[in-house]
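Before any comments, here is the structure.
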Amino acid sequence: MRANVAGRLLQHYVDKSRSLPWRSPPGSPAPDPYRVWLSEVMLQQTTVAAVAPRFERFIARWPTVQALAAAPDEDVLGEWAGLGYYARARNLIACGREVAERGGFPDTEAELRKLPGVGDYTAAAIAAIAFGRRAVVIDSNVERVAARLQGLANPTKSQLREAVEAITPDERSGDFAQAMMDLGATICRPRSPLCADCPLRSDCAAFASGSPELFPKPKAKRRKPVRYGIARWIERDGTIWLVRRPSRGLLGGMAALPGPDWTDEKPEPREVLAQVRHVFTHFALELSIVRSDEAPGDGWWQPIRSLDQAGLPTLYRRAVDAVLSSGVKIAA
DNA sequence: AACACGTGGTG
DNA sequence: TCACCAAGTGT
């Protein structure tokens, strides 16, 4: 019985609730839209464990969207450093200012969807969780759960949408969405699903097939090429020269060590202070850090002792760590 | 419709 | 070591 699926799922979620640490339990009054928006954006392609402490820092520093909107770009980007997918932080800044300007968050999915950095998933999640609207919330967990319930190995977006729509309740669709995502994260996992613990297994075609992990079929992966880069260590009086990367593209807007564009060809061997290998989404980078006294352009002298406050993304934080722990003499 | 876009945890 | 993958969005 389809009508029962949502009820059983919600009951399971209430009993074994694993909701986000900062979110009130299922059935509570609707949470602050600002907090829902901020955490949902942070959670895009990012684990709960990684988000939790960063979310708390953001909220402590900027308790309202008005406070966030008033913050300088570099403060927000610096607070985001290490979280990855930095376009999210750039969109967060733009979105926060737009929302503060208009006096608050819109309360419908269609209006939320127009905000920068708010796509189909996030708009539906905010509408359902923060505003109690019925919305069909679809993330990769929900897709997997739906594909398995229906036994679809190669589902289309519209098949998935229809499947989720059919079981989304009119009331508490926000709790329902969180229950679906929670189920996907803890029981209906991509690999080795724990069907024995699943409240929906009696309705599940994939379980009935005996090989639930084959639904949906995993996508083919592409090889990662290696690229090469040089970063300059320009040191003076216990400081090093940092720059801000161009505001678009990879690590856009983030603080960085200066250096030329990265290349596909391995550079000629030279004396390096340190080397780091860093894996991005679609390529791996081998970055060599070389000492330099080149006359700097735009940038600033960052005290070596306070490098951790520079808001460096992980690539450059690792590069700096590699130099500082290399034993090379640094006048810090 | 593909592809760009980060990072850390896990097996 | 390494592949997989995470409460996706923008172009």
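In what follows, chains carry the letters A, B, and so on, assigned in the order in which the sequence lines appear, proteins first and then strands, with residues in each chain numbered from 1.
Here C/dG8 presents its P atom at 12 Å from CD1 of A/I138, a figure rounded to the nearest Å. The interatomic distance linking A/R113 (CZ) with C/dG8 (P) rounds to 14 Å, in whole Å. Rounded to whole Å, the distance from NZ on A/K217 to C1' on C/dC4 is 17 Å. Between the CG atom of A/N141 and the P atom of C/dC5 there is a distance of 12 Å, given to the nearest Å. B/dA2 atom C1' lies 13 Å from atom NZ of A/K157, rounded to whole Å.
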In 5'-to-3' order, the base (B), backbone-only (S) or no-contact (-) status of each nucleotide in nucleotides 3-11 of chain B, using a 4.0 angstrom heavy-atom cut-off, is SSBBBS---
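When all heavy atoms of A/Y34 and A/W62 are compared, the pair lying nearest together is OH-O, 2.6 Å. Here the closest heavy-atom approach between residue A/R35 and residue A/W22 is recorded as NH1-O, 4.0 Å.
Along DNA chain C, the nucleotide nearest to A/K221 and the one nearest to A/L20 differ in position, and the one closer to the 5' end is contacted by A/K221.
Ring geometry, A/F280 versus A/F283: the interplanar angle falls from 30° to 60°, so the pair is classed tilted. In this structure, A/F58 and A/W80 have perpendicular ring planes: the angle between them is above 60°, well past the 30° mark.
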If you apply the rule side-chain hydrogen bond (donor to acceptor under 3.5 Å, both in side chains), what do you find for A/R23 with A/S39, and how did you get there? CA-CA 10 Å; A/R23 196 159 284 168; A/S39 56; 3.0 Å; yes
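Comparing C/dA7 with B/dA4, their P atoms are spaced 24 Å from each other, to the whole Å. To the nearest whole angstrom, the two C1' atoms, one in B/dG8 and one in C/dT1, are 16 Å apart.
Formation of a donor-acceptor pair under 3.5 Å by the A/R90 side chain with backbone atoms of A/G252 is found in this model.
Under the 4.0 Å criterion applied to side-chain N and carboxylate O atoms, A/D197 and A/K16 are not assigned as salt-bridge partners.
Residues from residues 179-188 of chain A lying near DNA chain B, meaning a heavy-atom separation below 4.0 Å, are absent.
Relative to the ring axis of A/W262, A/R245 places its NZ or CZ within 45° and under 6.0 Å from the centre. A cation-pi contact links A/R236 to A/W301, judged by a cut-off of 6.0 Å to the six-membered ring centre and 45° from its axis.
Residue contacts shown for A/S140 are limited to sugar-phosphate atoms, with no base heavy atom under 4.0 Å away. Residue A/T122 is classed as a sugar-phosphate contact, given heavy-atom separations below 4.0 Å to backbone atoms only.
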